[in-house]
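Written out below as structure tokens is the structure these notes cover.
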Amino acid sequence: MTDILHRILPTVQKPARYVGGEYGQIVKDKSQVDLRVAFCFPDTYEIGMSNIGMRILYGVMNGMDGVWCERVFAPWGDMEEAMRRNHIPLYALESRDPVRDFDLVAFTIGYEMSYTNVLNMLDLAGIPLLSKDRPGLEGLVFAGGVCTLNPEPLADFIDFFSIGEGEEITPEILTLYRTAKAQGWSKAQFLKEAAQIHGVYVPSLYVHHYDEAGHLSRIEPLEGAPQRVVKRIVRDLDKAYYPTHTLVPSTEIVHDRTNLEVFRGCIRGCRFCQAGFCYRPVRERSPETLYRQAVESLEDSGNHEITLSSLSTSDYRHLGPLADQLLDYCEGRRINLSLPSLRADNFSRALMRKVQRVRKSGLTFAPEAGSQRLRDAINKNVTEEEILTTCATAFSGGWNSVKLYFMLGLPTETDEDVIAIADLVGKILRVWRENATSKKRGLSINLSTAFFVPKPFTPFQWEAQITPEEYLRRVHLLKENLRSRAVDYRYHGPELSFLEAVLARGDRRLGPVLAYAVSHGARLDGWDEYFRYDVWTEAFQACGVDPVFYAQRAYGGEEVLPWQTMDVGISDRFFWRERERAYESKTTPDCKTACGGCGANRLEGGVTCDV
């Protein structure tokens, strides 16, 4: 295979994606290994290598004696075509051995539109797509990641799912598999035992029943499988593994820098945000641990940029002192410190001065909605005054560009709310005129709107998505009311977000649709170059599945939800109460201000104040 690769790699884009050999990769002696894991990321190399979760689990698994974990990424179209033409199966980067020869095939899935990549990678590896067609213990396929909180669209293809954070559960899974392999267990025996691990979901051990109207009516566990599968969390992040000695890519990747995870979870409770709820409770790393990890990572990698990463970095309690300490280290070495995920309600002049001491990076805020009524409905907990004050602070500090992110199609949204986005942009422009230190270059406002997608485990999980036609009408309404040439407005295409909603809230009946779509060319759906909506339309028609049933239908409050077997620690009653408060445009304070009673603290052993 190596000789063929040498011939075809010069003919494809970015051949460095497919060769491995990077500084920091882990290669083990096969004679000293009794368990091999093909760790698959269902997107391209430059996306997967930017994923901190993949780097963490790569280190965790390779830290186990006798275990060798290797990386696998989805090839770009030109490479896939060359591989199929030359009969080269999907292979792992470290050894270049075919994925089908590994004991376990693991996927990390963070985006619904990568589901077709999962199936296409299995097919390219020569592994049967359907779990029922893989009878042996060898080549078991499992998956984790935020999308697996509703695993049902993939239930036909994945043998079992790891629910929640993977640092602790993954070694437990591998240890059980090694026992099963050594003792000659059957696949069925292994899956039955795996279902007893806290956080493991085995879809074949659950039967889904539907009523005459096609609604899910009951989920029946079999053979001692738990009624609910509770997600795993890491309680003490200071003691958790973090990759300070890590892979340095040989080619440019999306986030080509050191990422420092300051905390997990989010205190805010934005009602549309799946990650904000599913990563609760909030757990912080100490500033001492973070500084040590930062220095070790930078010195090992040679990176010239470090990012403090979280869902809302400015909510980190020790951000100021940590930033000062890091800047003392970074400034003399010309290392840039960037702070993404800042909020308009706690952006300060002092913080601004810190982040521009080495290099002035971009300024990005996500108000999400233009009117205060709608921001209250989605529990954004930021006021127009805070947004404008923040912009004034930035403009007076020398910034002349700002990125603004909004959503269209949010529950309760009206035309007045859409026009309010344009009004807010106009006010920001006036604030710049009043506060800018230099007006030579003019102001640049990059405005982006996304199409709201209702996601499981949010207060809006029951909501209907508006139609693509209605979304585009609102897009044009907004464009008509944007009257400044300083604004560069871009919006997400509606077809992709419609399919995202279908897959996010889908059930097992979508399995044949996925298989059909992949067999007819669907792959790399998250990339404009490859997304083919016509293939998906044909797949739904051929399989007799109505996508509107999943995306544009409001789910009933008492309806059995496909993801109901999963337990993220937050009660349905809390989610429903938050939904009701949204329709009343009532906010819920953040966790730092007052406990809202979501119940997530029970995952840390605390007493829940569940509502």
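Computation of the quantities below employed the complete heavy-atom set of this structure, encompassing side-chain atoms and omitting hydrogens, waters and symmetry-equivalent molecules.
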Worksheet, complete the sentence: The side chain to side chain donor-acceptor pair (under 3.5 Å) partners of Glu463 (sequence neighbours excluded) come to Arg579, Tyr583

Fill in: Ion pair check, Lys455 and Glu112, cut-off under 4.0 Å
yes

Discussion item. Here's one to test your reading of the geometry: is the NZ or CZ of Arg553 within 45 degrees of the ring axis of Tyr550 and under 6.0 Å from its centre?
Written reply: no

Worksheet item: By ring pair (Phe, Tyr, Trp, His ring centres under 6.0 Å), which residues pair with Tyr491, not counting sequence neighbours?
Response: Tyr489

Worksheet item: Does any pair with a residue in residues 261-280 pass ring-ring contact (aromatic ring centres under 6.0 Å, His included), and if so which ones, sequence neighbours excluded?
Response: Phe277-Phe575

Worksheet item: What pairs with Glu413 under side chain to side chain donor-acceptor pair (under 3.5 Å), at least two apart in sequence or on another chain?
Response: Arg474

Worksheet item: With sequence neighbours excluded, what pairs up with Tyr241 under the side-chain contact (heavy atoms from CB on, under 4.5 Å) test?
Response: Ile56, Val60, Pro243

Fill in: Set of residues satisfying side chain to side chain donor-acceptor pair (under 3.5 Å) with respect to Ser50, sequence neighbours excluded
none

Discussion item. Holding to side chain to side chain donor-acceptor pair (under 3.5 Å), I want the full list of residues that pass it with Gln274, two or more places apart in sequence or in another chain.
Written reply: none

Discussion item. Listing request: all salt bridge (Lys or Arg N to Asp or Glu O under 4.0 Å) pairs with a residue in residues 196-214, at least two apart in sequence or in separate chains.
Written reply: none

Worksheet item: Looking at Arg283 and Glu165, does any basic side-chain N land under 4.0 Å from a carboxylate oxygen?
Response: yes

Practice prompt. Only counting residues at least two apart or in another chain, list the ones meeting ring pair (Phe, Tyr, Trp, His ring centres under 6.0 Å) with Tyr111.
Written response: none

Worksheet entry | side-chain contact (heavy atoms from CB on, under 4.5 Å) against Ala106, all qualifying residues, sequence neighbours excluded | Val37, Phe39, Phe142

Worksheet item: With sequence neighbours excluded, what pairs up with Ala582 under the side-chain contact (heavy atoms from CB on, under 4.5 Å) test?
Response: Arg271, Phe460

Fill in: Electrostatic pair Asp567:Arg602 at N-O distance under 4.0 angstrom
yes

Worksheet item: Is a salt bridge present between Glu580 and Arg577, judged by a nitrogen-to-oxygen distance below 4.0 Å?
Response: no

Worksheet item: By side-chain contact (heavy atoms from CB on, under 4.5 Å), which residues pair with Gln564, not counting sequence neighbours?
Response: Ile219, Val560, Leu561

